[in-house]
Amino acid sequence: MAFEDNQQLTRIFEEIADFLELQGENIFKVKAYQKAARGLEGLERSVCELYSSGQLASMPGFGKALVEKVGQFVDTGQVELHQQLKASFPSEILQLMDVPGLGAKKAALLHRELGIGSVDDLEKALKEGLVTDLKGFGKKTVDKLLEGIGLLRQGEQRWLLGRVSQLAEDLLSRLRALPEVERAEAAGSLRRGKETVGDLDLLVISSRPEVVMEFFASLGEVIGRGPTKCSIRWEGKFQIDLRCVPGESFGAAMQYFTGSMDHNVALRGRAKRLSCELNEYGLFDALGNNLASRSEEEIYERLGLPWIPPELRETGAELEWERLPERLQLEQLNGNLHTHSLWSDGTDTLEQLAEEAQRRGYRYLAITDHSRSMVVANGLSIERLMAQGQQIERLNASFSNGFRLLWGSEVDILGDGSLDFPEEVLARLDFVVVAVHSQFSMTPEAMTERICRGISHPYVDVLAHPTGRKINRRTGYQADWERVYAVASEHGVALEINCSPRRLDLNDKAARRARDCGCMISLGTDAHSLAEFDYLPLGVLQARRAGIEVGSLLNGLSWEQLRKRRARLVDV
DNA sequence: GCCGTTTTCGGCCCGACTGTTTTCAGTCG
């Protein structure tokens, strides 16, 4: 399938970049392969398809040489240069550069002088003192590399957005409590709303950085510490960087440390073409005069750009967009369209859920407990579903403020594509999400048929967690997603962005593609408890990253509009 | 290897911190 090809080629380009760097090749050539790899990663089209249709050359970073290498991959499944490079190095050498503190230069030196070709070789050489004659390998370096090998073997992954959000809020409130701290904010990939975060970047305005550094260093194991910058390891695993800047460069620092790297490179390139220089202290003209630095807005403005929201700062291409999407706001959502109650595997009663939803200002809440096949999740029989409907009806009669519970269900798409409740039952409900919960390892062709059949039934509103992936845990099932989007669009079925931090499914790029294929998007927390209502903002972030505006969101509709849409009475 | 509102050649983001350096290279983000 398309995604596997993209992933394979991404890996190949990354490895070519690493090999070239080891060889001491021109660093910009290395960067060209790295950039191409990033471009392919998560591309929502098949790279082979793009190549065959001649569209690849218009992708930024793909010039003549790289397009030709994609061609080799399409024809043979391999890239010649990659094969040559692989043959000229030990098979495990690239893992050396995964050791924190060890870059290409030192790895190449180790290989050239001592024949070290793997992390195991390195560990042995370090312990036996074989490296001490090499230039640049003092005692501290040896200790640091041994520690780095330990960290690498822990195999720590990027942390989930939800987890890092909470950690950041906690740390920021502690920093803000210091009298020496004027302002503290999170930057980096957390601010951009990436689904996982590799390290946390915090930014502080203070006229007394030494006090802030002292406090911060006490929070974890110190990796590095200077007058204005300190890095610690949180719980022995997760890196947190703190930078202290003066108030007048706060905007420039936020811009710089929010990234992404590609966005910053593009922005600095633009500054350079305007004979300016942009760094984390500000935007300066050729004479060194400060043109803008206090706020991000003025920096973008001086560069002739609108302020670009952090969630869209990814590839750098966003600088050239004719129009930025209208930034989705949490307040534009009228409700949450995927929740579970005590009736199946949730922890709260319908009354509690309704109360919490109203407290949060929702106009409606869809109760979507599991259908009967989900025995492990206490799925509802038809009889229990009907009884639940009666209770919901009574509750709705008791609300005087126009709030409404939607009587819904999360209905299993069974192995053959049929649904877990008969049509006459589905017809009675207010809202139906369908989902795959079993037999994940079907062939892509069979899975595509199954899902397409599932969403072709009448009375289906949403395909929930469409790919079934769980971040850092499982990749999700394979299917022809272009086909799924087409069928969903044809039948007016929305695709969900499941807001659970463990899922975020669809992801940002897939959601953008689904929207471009004509699908509506639905945000649902899949909450099994009241606290999980907090997941909705995570879904909003992903929707923003996908450039989705409120007009493409089911949650932007009133419940009356949802009902009419369900009855296919109006075309929304 | 890519790219072009100074350019088809000569640029390519740039600064903090570390360790071993005796003035700076390597790593990182």
Side-chain angles (χ1 to χ4, degrees), chain A residues 13 16-17 20-21 24-39 56-70 79 81 96-110 131-145 147-148 187-190 192 197-203 209 213 222-232 239-245 249 252-253 255-284 286 303-304 316 320:
Chain A
F13 281 171
I16 289 178
L20 292 177
E21 200 179 1
E25 187 50 89
N26 178 346
I27 192 65
F28 296 105
K29 192 185 216 179
V30 172
K31 283 174 189 286
Y33 279 99
Q34 286 170 345
K35 187 177 176 188
R38 283 198 301 275
L56 189 63
S58 58
M59 251 180 79
F62 284 82
K64 194 161 163 252
L66 278 166
V67 170
E68 194 237 310
K69 286 181 175 64
V70 174
V79 175
L81 174 63
L96 277 182
M97 289 193 286
D98 292 334
V99 177
L102 192 60
K105 294 274 170 57
K106 284 190 165 139
L109 186 69
L110 288 165
V131 302
T132 42
D133 290 340
L134 296 184
K135 193 174 170 214
F137 285 82
K139 181 170 185 322
K140 283 194 174 176
T141 300
V142 168
D143 290 346
K144 203 168 185 173
L145 289 177
E147 193 193 342
S189 49
L190 171 67
R192 301 202 311 278
V197 179
D199 56 31
L200 174 57
D201 294 297
L202 301 177
L203 221 54
M213 290 297 142
V222 175
I223 304 169
R225 183 176 170 182
T228 62
K229 179 181 171 181
C230 182
S231 298
I232 63 170
Q239 184 168 335
I240 309 176
D241 298 332
L242 180 105
R243 280 289 282 265
C244 258
V245 297
S249 25
Q255 196 291 310
Y256 179 76
F257 290 105
T258 296
S260 70
M261 188 179 73
D262 286 337
H263 178 87
N264 285 358
V265 167
L267 201 63
R268 285 174 182 220
R270 188 183 182 91
K272 201 147 228 174
R273 284 195 298 279
L274 296 169
S275 303
C276 296
E277 189 187 340
L278 180 64
N279 59 30
E280 62 252 58
Y281 299 104
L283 178 67
F284 302 93
L303 291 170
E320 312 300 330

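Proteins come first, then strands; the chains are lettered A, B, ... in the order of their sequence lines, and each starts at number 1.
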Find the distance L278(A):CG to dC14(B):C1' and express it as a whole number of Å.
-> 10 Å
Reading DNA chain B 5' to 3', what string of ( ), [ ], | and . shows its pairs, if Watson-Crick and G-U wobble pairs count only when both distances fall under 3.5 Å?
-> ((((....)))).((((((....))))))
Which part of the nucleic acid does T228(A) contact within heavy-atom distance under 4.0 Å: base, sugar-phosphate only, or nothing?
-> sugar-phosphate
Contacts of type salt bridge (charged side-chain N to carboxylate O under 4.0 Å, His left out), residue D241(A), not counting sequence neighbours | none
Same-atom distance (C1') from dT27(B) to dT21(B), integer angstrom = 15 Å
Not counting sequence neighbours, which residues clear side chain to side chain donor-acceptor pair (under 3.5 Å) with S249(A)? List them please.
-> none
Considering only atom P, compute the distance from dC28(B) to dT22(B) and round it to an integer number of Å.
-> 23 Å
Would you say L20(A) and I16(A) make side-chain contact, with heavy atoms under 4.5 Å?
-> yes
Calculate the interatomic distance between K69(A) atom NZ and dG1(B) atom P; express it in whole Å.
-> 5 Å
Sugar-phosphate means primed atoms, P, OP1 and OP2; the rest is base. With that split, encode nucleotides 18-29 of chain B 5' to 3' as B, S or - using protein heavy atoms under 4.0 Å.
-> SSS-----SSSB
Report yes if some heavy atom in the side chain of L110(A) is under 4.5 Å from a heavy atom in the side chain of L102(A); otherwise report no.
-> yes
Which residues satisfy the side chain to side chain donor-acceptor pair (under 3.5 Å) test with D199(A), sequence neighbours excluded?
-> none
Gap in Å between the two C1' atoms, one belonging to dC13(B) and one to dG29(B), rounded = 11 Å
Interatomic distance where NZ belongs to K29(A) and C1' belongs to dG1(B) [whole Å] | 7 Å
Sorted by chain and residue number, the side chain to side chain donor-acceptor pair (under 3.5 Å) partners of K139(A) (sequence neighbours excluded) come out as D143(A)
Take the protein atom NZ of K35(A) and the nucleotide atom P of dG1(B), then report the distance between them rounded to whole Å.
-> 15 Å
Whole-Å C1' distance, dG26(B) and dT20(B) | 11 Å
What residues form a ring-ring contact (aromatic ring centres under 6.0 Å, His included) with Y256(A), not counting sequence neighbours?
-> none
Residues in side chain to side chain donor-acceptor pair (under 3.5 Å) with R270(A), at least two apart?
-> none
What N/O pairs connect the protein and nucleotides 8-12 of chain B at under 3.5 Å? Give each pair on its own line.
{"residue": "dC12(B)", "atom": "OP1", "partner": "K272(A)", "partner atom": "NZ", "Å": "2.9"}

Find the distance N264(A):CG to dC13(B):P and express it as a whole number of Å.
-> 11 Å
Nucleotide dC14(B), atom P - distance to CZ of F284(A) in whole Å | 12 Å
When the P atoms of dA16(B) and dG11(B) are considered, how many whole Å apart are they?
-> 24 Å
With C1' as the reference atom in both, quote the distance from dG1(B) to dT6(B) in angstrom, rounded to an integer.
-> 22 Å
Residue-phosphate contact under 4.0 Å: N279(A) side-chain N/O, dG15(B) OP1/OP2 = yes
Measure from CD on E277(A) to P on dC13(B) and round the result to the nearest Å.
-> 12 Å
Starting at the 5' end of DNA chain B and moving along, which residue's nearest nucleotide shows up first, V67(A) or R243(A)?
-> V67(A)
Name of the residue among K35(A), Q34(A), R38(A) meeting side-chain contact (heavy atoms from CB on, under 4.5 Å) with M261(A) = R38(A)
Beyond-backbone contact of I232(A) with R225(A), side-chain heavy atoms, under 4.5 angstrom | no
By salt bridge (charged side-chain N to carboxylate O under 4.0 Å, His left out), which residues pair with K29(A), not counting sequence neighbours?
-> E25(A)
Spacing between E68(A) atom CD and dC2(B) atom C1', to the nearest angstrom | 15 Å
Among all residues two or more places apart in sequence or in another chain, which pass the ring-ring contact (aromatic ring centres under 6.0 Å, His included) test with Y33(A)?
-> F13(A)
Contacts of A266(A) and L66(A) projected onto DNA chain B by closest heavy atom; the upstream (5') one is L66(A)
Atom pairs and distances, donor-acceptor, side-chain atoms in residues 275-283 of chain A, under 3.5 Å, two or more places apart:
{"residue": "N279(A)", "atom": "OD1", "partner": "Y281(A)", "partner atom": "N", "Å": "2.8"}
{"residue": "N279(A)", "atom": "OD1", "partner": "G282(A)", "partner atom": "N", "Å": "3.2"}
{"residue": "E280(A)", "atom": "OE2", "partner": "R243(A)", "partner atom": "NH2", "Å": "3.0"}

C1'-based separation of dC17(B) from dC12(B) [nearest Å] | 24 Å
